[in-house]
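So that the names make sense, note that chain A is the first sequence line, chain B the second, and so on, each numbered from 1. Any value given below was found using the heavy atoms of this structure, including those in side chains, with hydrogens, waters and symmetry copies removed. Owing to the predicted nature of the structure, the values given are computational and were not obtained by experimental measurement.
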Number of protein chains: 2
Amino acid sequence: MSINNQVSGYSHSEKFYLAVDCIIFGFDKGKLKLLVFKRDVDPLRGEWSLLGSLVKENENVGEAANRVLHQLTGLKNVFLKELRSYSEVDRDPGARCISISHYSLIRFDEDVEQMIEEHGAHWFEFDELPALILDHDDMVKDALTALKNEARRRPIGFELLPEQFTIPQLQSLYEAIYGTTLDSRNFRKKVLSFNVLQKSEDKDFSTSKKGAFLYRFDEDKYNELVAKGFDFVV
Amino acid sequence: MSINNQVSGYSHSEKFYLAVDCIIFGFDKGKLKLLVFKRDVDPLRGEWSLLGSLVKENENVGEAANRVLHQLTGLKNVFLKELRSYSEVDRDPGARCISISHYSLIRFDEDVEQMIEEHGAHWFEFDELPALILDHDDMVKDALTALKNEARRRPIGFELLPEQFTIPQLQSLYEAIYGTTLDSRNFRKKVLSFNVLQKSEDKDFSTSKKGAFLYRFDEDKYNELVAKGFDFVV
DNA sequence: CCAAAAGTGTTGAAATTACACCCATGT
DNA sequence: ACATGGGTGTAATTTCAACACTTTTGG
């Protein structure tokens, strides 16, 4: 912070609780999903909430967000993006508390699913989402908007899909995010034109009899591309 | 914030000072500028700093940012965008303090310039910028990146230029932001194609003998355009 | 043999880029 | 008359959008 002519020091001001809340997106079976938790402390026990925590003395905001995500999912170094602060004076009836939202994209994965179960968490599709505590509904809405924007600037799919995925799966993800349908020929053309996909010999037969080729993403080429900047408008 | 299974309540956690800092951009004579302040309290008295303040008990973060900006410039309802938090444990040697940066674009204007003078503030061009206190240099760097991105999504010029401006001035602004040169024919074509500029009868003779026509921006059409969404890539 | 999803090319329209000269005027 | 910045148009290229049929194979 700045101590300048407007501010003569710290002692005149209040201190606040500081929290992080995480909007965790997942994608499975053609549906974009949100991970929420059943709160197990009073007040509001039993209500659905985003994953969050108060920030501790010895950590910064990003570390706090990573900590809660790790505690829940066992994952480290996942894509986790700070979004914005929520600071309405009366947003939390318990105490004056500012929260900084983060969003994260995680892959469906057996280990993670088990961990999630153990924590009383649940994946909801967006059209079945229950009401969340405090201003968490706003946080989700804002994060969804941010995800849509983000999806244009980087190939989001690589965080949300399994390590190997088919092009129809990738398309279905983008359709879920944008809430539209896309032309499969144009989509395929566009996504392949980036030259960041490695075709494998194997096929996925889970959704068709013919089977669809599996691709994995070429990390080096992807990083190059992101560095150059690009616009993945589909 | 969330009180869920990871967190059993408020009382176990620390409270923090919360600040806002403002990165204030201006544009004059073909140069993009940053407004900084000479700090007049200890410690670090006399050093250059962004405009900032601690957040008060009865206001939210956005209100705090508007308050300090208003105190300095007399302006209300200026474009002010929250950027991100800065929360390194040791970022402020005085006390554990989290700051939320905002950036703002303001027009050069006599009244404002006078107000600025009175507050010991100074406009610096970016290549003459002095070192700033704490992590304010990082804040500026991040804000500049954000400004470049923002400039693609909305006609930034309308916040930074005087009410009437010429197309070469607008071009020069975009060149300053992007750090490139642009083709004047293509720029003019593009900017006029948005149909948000009203041509005036008057000319500005300050930079050429022939004079350049002054335009003002059609607020209704501009708002329409922003609502529809557009990409001002030049 | 048929249902269901995967895969493939072309064409017209639109947007973008590159590019060079005349105009108006103060000195 | 000349130097300076303002203003204009066109052609080539690239990108985007629309659109329909064949392939594979489990049932």
Base C/dT10 paired with A/Lys189 side chain (donor-acceptor, <3.5 Å): yes
statement: Here the pair of heavy atoms bringing B/Arg84 nearest to B/Asp142 is NH1-OD2, 3.3 Å
- request: Decide whether A/Gln114 and A/Glu110 meet the rule of one side-chain donor and one side-chain acceptor closer than 3.5 Å.
  value: no
query: Would you say the base of D/dT24 and the side-chain of A/Lys209 have a donor-acceptor pair closer than 3.5 Å?
result: no
- line: In whole angstroms, the gap separating C1' of D/dC21 from CZ of A/Arg188 amounts to 15 Å
- prompt: For residues B/Asp21 and B/Ser99, is any side-chain donor paired with an opposing acceptor at under 3.5 Å?
  reply: yes
- prompt: Quick one: the side chain of A/Asp183 and the base of D/dA17, do they pair up donor-acceptor inside 3.5 Å?
  reply: no
- line: In whole angstroms, the gap separating P of D/dG6 from NZ of B/Lys203 amounts to 10 Å
A/Thr207 side chain, from C-beta outward: closest of D/dA17, C/dA5, D/dG6: C/dA5
Rounded interatomic separation in angstrom, taking CD1 from A/Ile167 and C1' from C/dA5: 14 Å
- request: Answer yes or no: side-chain N or O of B/Lys210 and base N or O of C/dA24 forming a donor-acceptor pair under 3.5 Å.
  value: no
message: Heavy atoms only, 4.0 Å cut-off, all strands: where does A/Phe205 land among base, sugar-phosphate and nothing?
response: nothing
task: Let me know the distance between CG of A/Leu197 and P of C/dG7, rounded to the nearest Å.
output: 12 Å
- request: Using whole Å, report how far CG of A/Leu182 lies from C1' of D/dA18.
  value: 14 Å
Residue whose nearest DNA chain C nucleotide is more 5′ - A/Asn186 or A/Gly211: A/Gly211
Atom-pair distance (OH on A/Tyr215; C1' on C/dG7), nearest Å: 9 Å
task: Could you tell me whether A/Arg185 and A/Asp183 make a salt bridge, using a distance below 4.0 angstrom between a side-chain N and a carboxylate O?
output: yes
- request: Let me know the distance between CZ of A/Arg185 and P of D/dA20, rounded to the nearest Å.
  value: 7 Å
task: By nearest nucleotide on DNA chain C, pick out whichever of B/Ser208 and B/Ser184 is the more 5' one.
output: B/Ser184
query: Are the ring centres of B/Phe79 and B/Tyr103 closer than 6.0 Å?
result: yes
Rounded distance (Å) that lies between atom P of C/dA15 and atom CZ of B/Phe194: 11 Å
